[in-house]
Student: 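Here it is, the structure, as structure tokens.
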Amino acid sequence: FAFIVDLNVNEDHQKQGIGKQLVKDIVQACLDKDIRYIELSTDPNSPWLEDFYTKIGFLKVEGSALMEWPRR
């Protein structure tokens, strides 16, 4: 089980794919270690985060601010 918490990219470096690559690297590291349940919580004050994580591959957990990596 892995839970991603507080991933931030400095404003001067946003919109360059850094956050996306960090999340992809974290997910890959988890999968390489045979961690199959990866979850994170989005900030309700930043509604764009759900779209960000959805584009990477996370799925919304209905009725909560949680998102999870699809289990395979």
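Residue indices begin at 1 and follow the sequence shown.
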Student: Looking at every heavy atom in both Gly57 and Pro70, which two are closest together, and how far apart are they?
Tutor: O-CD, 3.2 Å
Student: As an exercise, state the distance from CG of Leu40 to CG of Asp6, rounded to the nearest 0.5 Å.
Tutor: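 Here the rounded value is 11.0 Å.
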Student: Say whether Val5 and Trp69 are linked into one hydrophobic cluster, either directly or through other cluster members, by side-chain heavy-atom distances under 4.5 angstrom.
Tutor: no
Student: Nearest 0.5 Å, please: how far is CG in Leu7 from CD1 in Ile26?
Tutor: 5.5 Å
Student: Which heavy atom of Thr54 sits nearest a heavy atom of Met67, and at what distance?
Tutor: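 That would be OG1-CE, 3.3 Å.
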Student: Identify the two heavy atoms, one from Ile18 and one from His13, that lie closest to each other, and give their separation to 0.1 Å.
Tutor: CD1-O, 3.5 Å
Student: With a 4.5 Å cut-off on side-chain heavy-atom distances among I, L, V, M, F, W and Y, is there a chain of contacts connecting Val61 to Val23?
Tutor: no
Student: Scan side-chain atoms only and decide if Gln21 and Asp25 contain a donor-acceptor pair under the 3.5 Å cut-off.
Tutor: yes
Student: At what distance, to the nearest 0.5 angstrom, does CG of Leu59 lie from CD of Glu39?
Tutor: 11.5 Å
Student: Before giving the answer on side chain to side chain contact (heavy atoms under 4.5 Å, CB included), spell out for Glu68 and Ile38 the whole-Å C-alpha distance, their side-chain angles and the decisive distance to 0.1 Å.
Tutor: CA-CA 6 Å; Glu68 64 183 4; Ile38 308 165; over 6 Å; no
Student: Determine, using the 4.5 Å side-chain heavy-atom cutoff (strictly less than), whether Leu22 and Val27 are members of one ILVMFWY cluster.
Tutor: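 Leu22 clusters together with Val27.
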Student: What's the shortest heavy-atom distance between Asp43 and Leu49, and which atoms?
Tutor: N-CD1, 3.8 Å
Student: Would a single hydrophobic cluster contain both Phe3 and Ile35, if residues Ile, Leu, Val, Met, Phe, Trp and Tyr are joined by side-chain heavy-atom contacts under 4.5 Å?
Tutor: no
Student: Over 60° means perpendicular and under 30° means parallel, so tell me whether Trp48 and Phe52 are parallel, tilted or perpendicular.
Tutor: perpendicular
Student: First locate atom CD of Gln16, then atom CG of Asn10, and finally report the distance between them rounded to the nearest 0.5 Å.
Tutor: 10.0 Å
Student: State yes or no: do Leu66 and Phe1 share one hydrophobic cluster built from I, L, V, M, F, W and Y residues joined by side-chain heavy-atom distances below 4.5 Å, directly or via other members?
Tutor: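 Leu66 clusters together with Phe1.
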Student: Between OH of Tyr53 and OG1 of Thr42, what distance do you get to the nearest 0.5 Å?
Tutor: 8.5 Å
Student: Which value, rounded to the nearest 0.5 Å, describes the distance between Asp51 atom CG and Lys60 atom NZ?
Tutor: 12.5 Å
